[in-house]
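See below for the structure under consideration.
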Protein chains: 2
Amino acid sequence: MELTNTILHLFPKLNEAISKDGINILKHSQQITIPEGTTIFHQGDQCLNYLLVIVGSVKVFTRAENGREIVLYHISSGGSCVLTTSCLISSEDYPVEGVTETDVVALAIPKPIFEQYMAESKAFRKQVFHSYGDRLIKLITLVEEISFAKLDIRLAKYLLENGSVNTPIRTTHQALATELGSAREVISRQLKEFENKGWVLLSRGKIEITNHDALANLLAH
Amino acid sequence: MELTNTILHLFPKLNEAISKDGINILKHSQQITIPEGTTIFHQGDQCLNYLLVIVGSVKVFTRAENGREIVLYHISSGGSCVLTTSCLISSEDYPVEGVTETDVVALAIPKPIFEQYMAESKAFRKQVFHSYGDRLIKLITLVEEISFAKLDIRLAKYLLENGSVNTPIRTTHQALATELGSAREVISRQLKEFENKGWVLLSRGKIEITNHDALANLLAH
DNA sequence: CACTTTTAAGTGACATTGTCACTTAAAGCT
DNA sequence: AGCTTTAAGTGACAATGTCACTTAAAAGTG
């Protein structure tokens with residue numbers, strides 16, 4: 001079955017859980033498809049499933065009272081939602097929202113099955129813990145970047161990671177501000193500066209990289 | 001035994017693990033005492049124990065290349081070190097340091113015992129997951145505060161949480177800057193402003209709160 | 001005790017980033 | 001073509017961070 005292979009490829013630990021521990025994940029979980037732009041969880045939601053993302057990407061962010069937002073991390077193929085997992089275990093509220101950025105295919109493992117797997121399979125536990133560790137590192141890295149790195153560096157990094165000379169980035173300055181935890185005007189100014197230097201070409205909803213090396217040079221220090 | 005009661009009081013989940021699941025934590029773990037100012041882990045360290053803090057406090061922080069530091073969180077009585085736990089499981093490096101802020105008494109559970117408990121006791125797993133969830137929330141809250149909250153608010157909050165009208169705070173502006181992820185000069189300026197308003201009294205290494213309500217009023221918005 | 005050294009805090013000038021109250025312009029819609 | 005919505009630009013200003021110092025308190029030392 002095609003899906004099985006995809007899943008095993010994305011979650012190597014689960015492969016072990018299935019082969020060694022006789023865990024039949026596919027049988028007891030449900031494959032779900034979620035359209036782009038769906039809020040899959042927000043503060044106060046109760047969570048009844050352990051979610052593994054097979055295809056697509058989920059944006060996890062938090063919002064200040066004044067409406068400003070910052071993206072905490074993305075869950076993409078091969079990732080799982082540790083916050084809902086925490087909910088699963090400790091039933092606490094989390095001050096964050098999760099929204100699908102693309103159409104998403106996910107595997108939902110119901111809470112009782114999740115707990116059974118946790119008890120029975122060391123490989124499954126490893127997979128779950130690994131997700132936790134990943135998120136912790138991502139969050140710590142985010143804290144570091146927010147508090148230490150200058151915006152031009154972080155912006156250049158984002159541009160290089162999300163586009164290249166022939167593949168323009170389709171996003172708004174506002175979305176970028178949210179991604180980097182800054183303000184739209186600041187991003188606009190910075191991008192304009194990059195444009196003046198001939199490093200990018202700006203148009204509504206699109207950023208084209210015109211000088212990759214110059215941007216990369218910023219990162220190199 | 002006195003220690004047993006202390007531990008069970010601090011870690012209610014472990015109580016369950018012991019009574020329900022017959023886990024003999026005290027027998028298989030070691031009580032260790034660590035003097036103040038000891039670096040208990042830093043980047044690249046390997047970790048061989050699951051650590052539960054019984055008495056005292058550990059400061060977990062990260063450092064930028066330019067030397068600036070920011071405190072990520074503190075592990076105090078009843079807390080466990082999830083980062084070393086992650087290490088325990090996934091053997092990855094974490095870009096953080098942990099230093100004891102006081103003399104610390106901790107319970108060290110060796111890796112094999114830890115894994116056995118994880119397999120055998122649901123309550124133990126809950127305890128471990130709970131720690132993870134806590135850290136995740138603390139980190140998310142930190143990200144929110146750093147990116148959204150103004151410094152005067154955060155500083156006032158810190159002062160109120162760590163001192164009162166009759167118990168002065170003994171710390172340096174530098175340590176405070178690290179705690180809040182800011183720069184010493186900025187903290188000094190802000191404190192001086194508070195002093196000019198008659199809210200605090202400053203001296204070398206000491207901050208006395210002289211107007212609790214005014215500070216609290218800042219937080220109230 | 002006077003002196004040197006170390007550590008904490010203050011200072012002013014300046015750079016970066018965030019905020020506010022707008023304006024301008026492009027893309028969609030009817 | 002004219003409206004509406006959304007994206008982006010703008011200038012003034014506030015808040016925060018950085019730098020290169022100075023000042024001063026505490027600790028160590030002969």
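A note on names: the letters A, B, ... follow the listed sequences, proteins ahead of strands, and every chain is numbered from 1.
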Compare side-chain N and O positions of A/His173 against OP1 and OP2 of D/dG9 and report whether any pair is under 4.0 Å apart. yes

Nucleotide D/dT16, atom P - distance to CG of B/Leu180 in whole Å: 11 Å

Taking only heavy atoms on the protein side, list every residue of residues 182-198 of chain B lying under 4.0 Å from any atom of DNA chain D, sorted numerically. B/Ser182, B/Glu185, B/Val186, B/Arg189, B/Gln190

Does B/Thr141 use its side chain to pair, donor to acceptor, with the backbone of B/Ile137 at less than 3.5 Å? yes

side-chain contact (heavy atoms from CB on, under 4.5 Å) filter on A/Leu151, not counting sequence neighbours, yields A/Arg154, A/Ser182, A/Val186, A/Ile187

Residues forming a salt bridge (charged side-chain N to carboxylate O under 4.0 Å, His left out) with B/Glu195, sequence neighbours excluded: B/Lys192

Please list, chain by chain and in numerical order, all residues satisfying side chain to side chain donor-acceptor pair (under 3.5 Å) with A/Gln190, sequence neighbours excluded. none

Please list all pairs passing the ring-ring contact (aromatic ring centres under 6.0 Å, His included) test where one or both residues lie in residues 158-200 of chain B, with sequence neighbours left out. B/Phe194-B/Trp199

Restricting both atoms to N or O, compile the protein contacts to nucleotides 1-3 of chain D shorter than 3.5 Å, with distance only.
none

Taken in chain and number order and not counting sequence neighbours, the residues that satisfy side-chain contact (heavy atoms from CB on, under 4.5 Å) with B/Val55 are B/Val105

Kindly write out the residues that satisfy salt bridge (charged side-chain N to carboxylate O under 4.0 Å, His left out) with A/Arg63, not counting sequence neighbours, or none if the list is empty. A/Glu69, A/Glu97

So the salt bridge (charged side-chain N to carboxylate O under 4.0 Å, His left out) pairs with at least one residue in residues 165-186 of chain A (sequence neighbours excluded) are none

Taking only residues two or more places apart in sequence, or in another chain, which ones meet A/Glu145 in a salt bridge (charged side-chain N to carboxylate O under 4.0 Å, His left out)? A/Lys157

What does the list of N/O pairs under 3.5 Å between the protein and nucleotides 24-29 of chain C look like, with a distance for each?
unit_1	atom_1	unit_2	atom_2	d
C/dA26	N3	A/Arg204	NH1	3.3

Ordered by number, residues from residues 143-158 of chain B within less than 4.0 Å of DNA chain D (heavy atoms) are B/Lys150, B/Leu151

